[in-house]
A.B. asks: 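Would you mind keeping the following structure in view while I ask a few things?
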Amino acid sequence: MLPAMAKLCCGITYPHLRSMTGLQRVAMAALGQEIAHRQKVGHMSLPAWTSYGRRSWGNTSEESERAVSQHDCVEETDLSYQCKGLQALQEALEIVRDTDGWRMEMSEESGDAIYSKVLHGNHKVFRLEAELEASPEELYDILFVKVEEMHQWNPSIGQIKVLKHIGKETMLTHEVSAETVGNLIGQRDYLSVRHSLKTTECIYLGGAATHLETLPPQPGFVRAEDGPTCIIIQPSAHCARNSRFTWLLNMDVKGWIPKPLVNQALPRAQLDFTKHLRQRLAAGGPEPAAVTNMHS
């Protein structure tokens with residue numbers, strides 16, 4: 001049932017799958033392998049109601065039904081977040097792989113380059129290309145596993161809190177931007193679902209804005225929305241110890257800021273982020289555990 005549900009949530013039909021190429025097909029193929037692997041090793045358990053039926057001896061029929069319903073809702077919500085993360089990654093990869101419309105926005109002496117593209121609705125997205133002196137696994141550790149520590153090395157972030165982990169690959173996060181001098185966008189907060197996917201060739205980090213009734217927009221902040229967005233990390237073709245870093249920034253900052261100002265600030269924010277990430281890498285830290293199978 002889960003593979004079918006995943007296909008339904010992520011919009012993956014057979015004609016659509018046949019039309020995929022490049023990074024997108026690699027990512028979706030890895031998703032299929034991940035589902036098949038979990039079924040094989042028994043990590044996908046039976047539905048929750050099978051255990052409730054054996055433990056209902058102290059409850060009335062109505063109470064048991066209510067408990068089953070609540071438990072199933074939690075699992076369905078978790079699955080919907082996983083599907084949303086996967087769908088965001090899929091849609092972001094589609095934007096990246098479509099070569100039409102991209103133009104150079106700016107380039108740096110370091111070799112970093114930012115390209116921009118206008119999507120439907122006159123919405124502009126930005127793609128950063130850089131080479132970083134770190135392994136893909138180290139970048140994954142810093143950007144995904146230790147996401148709550150990001151404010152320690154990126155002064156534009158006030159705080160990132162993981163609200164919930166859904167397995168090892170998906171999480172809900174609440175991010176608050178820092179009140180810094182020269183911040184053209186102003187303080188924002190973001191409620192996002194983040195998803196990671198590892199293949200033998202790349203590590204993908206995807207995300208998109210989500211909604212949580214228990215966490216409405218915070219007083220004094222504008223609730224911005226990001227996504228679909230993605231980061232693609234792959235071994236460098238030039239140096240075995242380095243990584244090729246591709247970051248699609250797709251954001252609606254909301255509020256009343258003029259669009260030209262937003263389009264000026266966002267690519268600059270990408271360059272600043274990359275600068276601080278390089279400083280974090282230069283400062284060093286514990287090496288992440290070696291991974292022999294990137295599909296695990």
Side-chain angles (χ1 to χ4, degrees), residues 1-13 16 27-28 30-39 41-56 59 61-93 143-145 147-148 159-176 188-198 204-218 221 223-231 250-252 254 296:
M1 179 179 178
L2 187 54
M5 207 164 199
K7 287 182 180 180
L8 178 64
C9 292
C10 301
I12 305 170
T13 61
H16 189 181
M28 291 303 105
L31 168 61
Q33 292 172 4
E34 180 180 345
I35 292 174
H37 173 70
R38 291 189 181 188
Q39 287 179 314
V41 300
H43 287 174
M44 288 185 176
S45 58
L46 292 173
W49 53 262
T50 58
S51 60
Y52 269 83
R54 294 192 295 269
R55 299 184 59 187
S56 59
N59 301 328
S61 175
E62 181 180 354
E63 289 171 337
S64 297
E65 290 176 3
R66 186 184 304 116
V68 171
S69 176
Q70 290 173 346
H71 197 84
D72 284 346
C73 283
V74 170
E75 292 207 343
E76 289 176 6
T77 300
D78 287 353
L79 181 59
S80 72
Y81 284 134
Q82 290 177 320
C83 286
K84 187 166 188 174
L86 286 165
Q87 183 177 12
L89 179 57
Q90 177 187 348
E91 293 175 357
L93 291 175
L143 299 176
F144 192 81
V145 177
V147 67
E148 287 189 321
Q159 181 185 29
I160 298 180
K161 182 176 178 58
V162 176
L163 304 177
K164 185 174 187 179
H165 285 280
I166 305 166
K168 293 182 179 180
E169 296 84 17
T170 308
M171 65 177 78
L172 295 181
T173 63
H174 180 234
E175 176 180 342
V176 177
R188 297 290 191 270
D189 78 327
Y190 309 83
L191 187 61
S192 307
V193 55
R194 303 179 186 228
H195 185 79
S196 68
L197 177 64
K198 293 184 178 182
Y204 303 90
L205 308 179
T210 190
H211 174 73
L212 199 60
E213 291 185 1
T214 57
L215 189 61
Q218 303 298 290
F221 293 87
R223 175 64 55 86
E225 295 183 356
D226 58 349
T229 185
C230 72
I231 290 175
N250 180 7
M251 182 179 296
D252 183 353
K254 302 297 185 179
S296 61

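What you are looking at is a predicted structure, and each value in this text was computed from that prediction instead of being measured.
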A.B. asks: Considering all heavy atoms of both residues, which atom of Ala88 and which atom of Ala208 are nearest to each other, and what is their separation?
C.D. replies: CB-CB, 3.6 Å
A.B. asks: Got a second to check how far Phe144's CZ is from Glu169's CD, nearest 0.5 Å?
C.D. replies: 7.5 Å
A.B. asks: Under 4.5 Å between any side-chain heavy atoms of Leu212 and His174, yes or no?
C.D. replies: no
A.B. asks: Kindly say whether Thr170 contributes a backbone atom to a donor-acceptor pair with the side chain of Lys164 at under 3.5 angstrom?
C.D. replies: no
A.B. asks: To the nearest 0.5 angstrom, please state how far the OG1 atom of Thr173 sits from the CD1 atom of Ile160.
C.D. replies: 6.5 Å
A.B. asks: What residues, two or more places apart in sequence or in another chain, satisfy side-chain hydrogen bond (donor to acceptor under 3.5 Å, both in side chains) together with Asp226?
C.D. replies: Ser192
A.B. asks: Listed by chain and number, what are the side-chain hydrogen bond (donor to acceptor under 3.5 Å, both in side chains) partners of Glu175, not counting sequence neighbours?
C.D. replies: Arg194
A.B. asks: With rounding to the nearest 0.5 angstrom, report the SG to CD distance, Cys230 to Glu91.
C.D. replies: 11.0 Å
A.B. asks: Flag the pair Met251 / Thr229 as yes when at least one side-chain heavy-atom distance between them is below 4.5 Å, and no otherwise.
C.D. replies: no
A.B. asks: What is the distance from atom CD of Gln90 to atom SG of Cys83, rounded to the nearest 0.5 Å?
C.D. replies: 11.0 Å
A.B. asks: Okay, side chain of Asp252, backbone of Glu225: is any donor-acceptor separation there less than 3.5 Å?
C.D. replies: no
A.B. asks: How long is the straight-line distance from OG1 of Thr210 back to OH of Tyr81, given to the nearest 0.5 Å?
C.D. replies: 5.0 Å
A.B. asks: Go through Glu148 and Lys161 one step at a time and tell me if the side-chain contact (heavy atoms from CB on, under 4.5 Å) criterion holds.
C.D. replies: CA-CA 6 Å; Glu148 287 189 321; Lys161 182 176 178 58; 3.9 Å; yes
A.B. asks: I'd like to check the side-chain hydrogen bond (donor to acceptor under 3.5 Å, both in side chains) partners of His165; sequence neighbours left out, ordered by chain and number.
C.D. replies: none
A.B. asks: If I take atom CD1 from residue Ile231 and atom OG from residue Ser196, how far apart are they, to the nearest 0.5 angstrom?
C.D. replies: 11.5 Å
